[in-house]
Asker: 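There's a structure below that I have some questions on.
Positions are given from 1 along the sequence. Order of listing sets the numbers, starting from 1, for every ligand and every atom in it.
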Amino acid sequence: MQIIAEPKKMQLLSEQLRREGKLLGFVPTMGALHEGHLRLIRKARREADVVIVSIFVNPIQFNDPEDLAKYPRTFNEDVYKLEMEGVQILFAPTAEQMYPPGFSTFVEVQNLDRYMEGAHRPGHFRGVTTVVLKLFNITKPHFAVFGLKDAQQYYIVKRMVEDLNLDVEMVPHETVREPDGLAMSSRNRLLSPESRRQATALYRALKLGKEMIFSGERDPWKVKDEMRRFLKREAPLGEIDYVEIASIPDLQPVSEIEGKILLALAVKFPEARLIDNFILLPEDRLVWNERID
Ligand code: PAF
């Protein structure tokens with residue numbers, strides 16, 4: 001595996017690979033790789049001639065400096081895992097290489113960031129879209145794989161790709177879960193044993209919401225209230241940031257449950273803040289992101 005830190009060098013290599021007719025698949029990450037990331041990489045491997053993975057803990061998407069400082073960094077283990085997966089290129093720049101002195105350009109997708117993560121993490125999505133656009137320009141992929149645990153991020157980046165006519169295909173991947181339902185996340189390793197035990201409540205609250213909706217409940221407030229009550233009871237160490245039901249793809253809270261919706265929540269445990277979601281199509285009783293493999 002080639003490890004490249006210099007953006008210009010990465011860009012030249014991608015240009016050359018494209019000239020050679022290679023199909024480039026890209027998986028952006030912030031490292032601390034777990035099985036969830038590896039599934040995205042395997043999906044990219046199945047489709048692409050060359051898989052590029054990036055590891056970059058992007059400082060401008062962290063609104064909380066403590067969260068940035070605590071974010072797990074396991075570079076050597078990550079390199080080993082990527083080599084085992086047969087990844088051909090790792091792009092791992094430094095913050096100085098991505099944001100040299102004088103850096104002043106930011107990309108913002110409006111409205112889609114008004115609720116959920118956007119409301120609770122001011123500036124977060126501006127940081128995400130800015131870095132993803134830079135990463136796309138540097139790695140020049142034909143397609144990029146994004147995990148749906150960060151569903152709001154996926155729809156915001158997809159909107160940016162459409163709005164700015166970017167020549168990258170967005171490929172979503174369902175959330176990968178632990179056997180007890182907890183969505184895999186780099187932050188899970190920060191949880192104390194008791195928080196980890198209570199953290200399964202996120203998944204179980206989503207299942208409760210889904211069951212209410214599939215039984216015909218169409219009032220979002222009733223579903224959200226029931227889910228909140230459940231979370232308070234089952235995860236007393238957690239502080240609820242939000243439980244939301246939003247329309248897809250515009251990500252606005254709904255006043256009546258219909259069409260494709262995002263059932264999303266965020267809970268702050270003492271050691272880490274966790275998010276999770278189901279995507280539902282109630283009329284067809286379809287659900288994405290629920291499955292445990
Ligand atoms: O989802 C993530 O890990 C990050 O937000 C991303 C897409 C790598 C941008 O920093």
Asker: Please list the nearest protein heavy atom to atom 9 (C) of ligand 1 with its residue and the distance rounded to 0.1 Å.
Answerer: Q61 OE1, 3.3 Å

Asker: Test E85 against every option in L38, V51, V27, L33 by the side-chain contact (heavy atoms from CB on, under 4.5 Å) rule and name the one that passes.
Answerer: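 In the set L38, V51, V27, L33, the residue that makes a side-chain contact (heavy atoms from CB on, under 4.5 Å) with E85 is L38.
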
Asker: If the cut-off is 4.0 Å to any non-hydrogen atom of T29, which atoms of ligand 1 fall inside it?
Answerer: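 Listed by number with element, the hits are 8 (C).
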
Asker: Suppose I only count heavy atoms of V131 and a 4.0 Å limit; which atoms of ligand 1 are within that range?
Answerer: 9 (C), 10 (O)

Asker: Below 30° counts as parallel, above 60° as perpendicular, anything between as tilted: where do the rings of F56 and Y99 land?
Answerer: tilted

Asker: Is the distance between the ring centroids of F106 and F103 under 6.0 Å?
Answerer: yes

Asker: Look at atom 2 (C) of ligand 1 and find which of K149, K134, Q153 reaches it with the closest heavy atom.
Answerer: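 Nearest heavy atom to atom 2 (C) of ligand 1 lies in Q153.
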
Asker: Determine the sole option in D113, D67, D64 for which the salt bridge (charged side-chain N to carboxylate O under 4.0 Å, His left out) test with R121 is passed.
Answerer: D67

Asker: By number and element, which atoms of ligand 1 are closer than 4.0 Å to a non-hydrogen atom of P28?
Answerer: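 With P28 as reference, the close atoms of ligand 1 come out as 8 (C).
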
Asker: Can you tell me which residue and heavy atom of the protein come closest to atom 3 (O) of ligand 1, and the distance to 0.1 Å?
Answerer: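 The answer is M30 CG, 3.6 Å.
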
Asker: Does the side chain of L191 reach to within under 4.5 Å of the side chain of L274, using non-hydrogen atoms?
Answerer: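 Yes, at least one pair of side-chain atoms sits under 4.5 Å.
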
